[in-house]
Amino acid sequence: MSELLADGAKQIGIGLSVEQLDQLNKMLDVLQQWNQKHNLTSLRSRHDQEVYHILDSLSAYQYFIPYSVVLDIGTGAGFPGIPLAIIYPEKKFHLVESNGKKVAYLRHVIQQLGLDNVKLYNKRIELFSMPNDTVDVVTARALANPSEIMELTQHLQVAAYVLYVGPNCKIPPSASLEEVSVPHSTKEHFILSIVPNSSTE
């Protein structure tokens, strides 16, 4: 078991259960196995994956508290969607990824971790439509600039966005940029939250 993960999550404000910690560690075990063949992430060391994938994903956990249905677009190797799905088993997570190799890996991870609250779609986001649920919030991590993401998802009638961004991203109207703390990280981490129809004119 990783002390760094448990300690880091605690610093963020999350008390991980033994089962949740086991799921997060198992996810990284699978990632490291698949990464040797398929180059799913440029981060190779376990330490970096724990800090810059898992803890980074969990750093915005409070932003998702009001929402029940989360759409993670361009999820890549499953971040932030899968770590968030582990700590929020009562919420539904829809993960969209167009890369076939990453989707095969994600399908395996979801099965290995027994995540009943995660659905996976091998599609481009502009061609994606929600089957039954209404999207409460869209999230993405370092995918594109926020305005592009909003444009790509406008057909989904999204109520809110929680985006993991860099410090120099262009901030669209009705958005707020806040720095979040990622334990053991040497970088700056920011969350851009957007509620498109919240501005009053």
Side-chain angles (χ1 to χ4, degrees), residues 8-9 11-14 16 20 24 27 41 51-98 102 106 110 115 117-121 123-126 128-130 133-183 185 187-199:
Q11 287 185 50
I12 291 169
I14 304 167
L16 294 173
Q20 288 169 333
L24 291 170
M27 180 187 187
T41 171
V51 174
Y52 298 107
H53 281 330
I54 302 287
L55 293 179
D56 179 53
S57 296
L58 296 180
S59 66
Y61 82 99
Q62 288 182 304
Y63 290 83
F64 296 94
I65 290 172
Y67 307 113
S68 299
V69 182
V70 182
L71 177 64
D72 178 9
I73 65 172
T75 190
F79 305 106
I82 289 183
L84 289 171
I86 288 170
I87 68 162
Y88 285 126
E90 74 284 1
K91 300 181 188 295
K92 293 182 181 178
F93 288 82
H94 297 268
L95 276 52
V96 179
E97 174 56 49
S98 61
K102 289 177 180 175
L106 288 167
I110 291 165
L115 295 176
N117 60 331
V118 179
K119 289 186 179 178
L120 179 62
Y121 307 88
K123 288 194 174 183
R124 294 180 62 83
I125 186 56
E126 59 269 35
F128 172 76
S129 59
M130 285 291 286
D133 293 318
T134 302
V135 181
D136 290 332
V137 61
V138 163
T139 190
R141 214 170 61 115
L143 180 67
N145 79 56
S147 297
E148 267 185 81
I149 290 173
M150 292 175 73
E151 193 174 323
L152 287 170
T153 56
Q154 62 183 354
H155 63 290
L156 298 172
Q157 300 179 319
V158 178
Y161 295 82
V162 173
L163 307 175
Y164 296 67
V165 298
N168 301 316
C169 83
K170 293 180 181 176
I171 304 176
S174 71
S176 64
L177 183 70
E178 294 181 29
E179 187 170 4
V180 292
S181 174
V182 177
S185 171
K187 301 176 181 178
E188 293 180 306
H189 300 259
F190 293 87
I191 295 296
L192 189 74
S193 55
I194 310 168
V195 181
N197 301 318
S198 66
S199 57

Enquirer: What's the verdict on side chain to side chain contact (heavy atoms under 4.5 Å, CB included) for I125 and L71, showing C-alpha distance, side-chain angles and the deciding distance?
Expert: CA-CA 10 Å; I125 186 56; L71 177 64; 4.3 Å; yes
Enquirer: Ignoring hydrogens, what is the shortest heavy-atom contact between G78 and M27? Give both atom names and the distance.
Expert: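 Scanning both residues, the minimum pair turns out to be O-CE, 4.0 Å.
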Enquirer: Please check this pair: side chain of E126 against backbone of L152, looking for a donor-acceptor N/O pair closer than 3.5 Å.
Expert: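 Side chain of E126 to backbone of L152: no pair is present.
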Enquirer: Keeping N117 on the side-chain end and A85 on the backbone end, is there a donor-acceptor pair under 3.5 Å?
Expert: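 Here the side-chain-to-backbone pair exists.
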Enquirer: Charged N to carboxylate O under 4.0 angstrom, R141 versus D56?
Expert: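 Salt bridge: yes.
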Enquirer: Keeping the roles fixed (side chain from E178, backbone from I191), state whether a donor-acceptor pair exists under 3.5 Å.
Expert: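 Flag not set: sc E178 to bb I191 has no pair under 3.5 Å.
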Enquirer: To the closest 0.5 Å, what do you measure between CG (N145) and SG (C169)?
Expert: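 Separation between the atoms: 8.0 Å.
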Enquirer: Would a 4.5 Å heavy-atom cut-off, applied to side chains only, mark L95 and I82 as touching?
Expert: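 Of all side-chain heavy-atom pairs linking I82 with L95, at least one is under 4.5 Å.
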Enquirer: Any non-hydrogen side-chain atom of S147 less than 4.5 Å from a side-chain atom of K170?
Expert: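 Of all side-chain heavy-atom pairs linking K170 with S147, none is under 4.5 Å.
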Enquirer: State the OG-OH distance between S59 and Y52, to the nearest 0.5 angstrom.
Expert: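 S59 atom OG to Y52 atom OH measures 12.5 Å (nearest 0.5 Å).
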Enquirer: Please report the closest heavy-atom contact between I86 and P89, naming both atoms and the distance.
Expert: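 Nearest heavy atoms, I86 then P89: O-CD, 3.7 Å.
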Enquirer: Taking Y88 for its side chain and Y61 for its backbone only, find out whether a donor-acceptor pair lies under 3.5 Å.
Expert: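 Yes; at least one donor-acceptor contact below 3.5 Å.
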Enquirer: Which heavy atom of L58 sits nearest to which heavy atom of P83, and what is that distance?
Expert: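 Nearest pair, atom of L58 first, then P83: CD2-O, 3.6 Å.
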Enquirer: Rounded to the nearest 0.5 Å, what separates atom CG in L115 from atom CG in L120?
Expert: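 Here the rounded value is 11.5 Å.
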Enquirer: Give the minimum heavy-atom separation between S174 and V195, together with the two atoms involved.
Expert: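 The answer is OG-O, 3.4 Å.
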Enquirer: Is the distance from the ring center of Y121 to that of F128 below 6.0 Å?
Expert: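 Yes, the ring of Y121 comes within the 6.0 Å limit of the ring of F128, centre to centre.
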Enquirer: About how many Å separate CD1 of I14 and CG of L84, when rounded to the nearest 0.5 Å?
Expert: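 So the gap between those two atoms works out to 8.0 Å.
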Enquirer: Is there a donor-acceptor pair under 3.5 Å between the side chain of Y164 and the backbone N or O of S57?
Expert: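 Checking the backbone N and O of S57 against the side chain of Y164, a donor-acceptor pair under 3.5 Å is found.
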Enquirer: When you compare the side chains of Y63 and T139, does any donor N or O come within less than 3.5 Å of an acceptor on the partner?
Expert: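 No, no side-chain donor-acceptor contact under 3.5 Å.
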Enquirer: Under 4.5 Å between any side-chain heavy atoms of P172 and L192, yes or no?
Expert: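 A side-chain contact under 4.5 Å exists here.
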Enquirer: Might you confirm whether atom NZ of K91 has over 12 heavy atoms from other residues, nucleotides or ligands at distances under 6.0 Å?
Expert: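 Correct, the count exceeds 12.
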Enquirer: Would you indicate whether the side-chain heavy atoms of T134 and V69 approach each other to under 4.5 Å?
Expert: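 No, too far: nothing below the 4.5 Å cut-off.
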Enquirer: If we only count heavy atoms from C-beta on, is the I194 to P146 side-chain gap below 4.5 Å?
Expert: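 Yes, close enough: below the 4.5 Å cut-off.
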Enquirer: Return the set of residues passing salt bridge (charged side-chain N to carboxylate O under 4.0 Å, His left out) with K102 (not counting sequence neighbours), or none when no residue passes.
Expert: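 Once residues adjacent in sequence are excluded, K102 has no partner under the salt bridge (charged side-chain N to carboxylate O under 4.0 Å, His left out) criterion.
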Enquirer: Quick check on E151: does its CD atom have over 12 non-hydrogen neighbours (other residues, nucleotides or ligands) under 6.0 Å away?
Expert: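 Incorrect, the count does not exceed 12.
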Enquirer: Do V165 and I171 come close enough that some side-chain heavy atom pair is under 4.5 Å?
Expert: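 V165 vs I171: side chains apart.
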Enquirer: I need the K123 NZ to I73 CD1 distance, nearest 0.5 Å.
Expert: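 Reported value, rounded in 0.5 Å steps: 15.0 Å.
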Enquirer: Between S98 and R124, which heavy-atom pair has the shortest distance, and what is it?
Expert: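 Reported closest heavy-atom pair: CB-CG, 4.0 Å.
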Enquirer: NZ/K119 to CD1/I110 distance, rounded to the nearest 0.5 angstrom?
Expert: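 Nearest 0.5 Å value for the NZ-CD1 distance: 11.5 Å.
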Enquirer: If you take all heavy atoms of A9 and L16, which pair is closest and at what distance?
Expert: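 Taking every non-hydrogen atom into account, CB-CD1, 3.6 Å.
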Enquirer: Would a 4.5 Å heavy-atom cut-off, applied to side chains only, mark I54 and F79 as touching?
Expert: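 Yes. Closest side-chain heavy atoms under 4.5 Å.
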Enquirer: Using only atom types and a distance under 3.5 Å, with no angle test, would you say the side chain of D72 pairs donor to acceptor with the backbone of F93?
Expert: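 Judged by distance alone, no pair lies under 3.5 Å.
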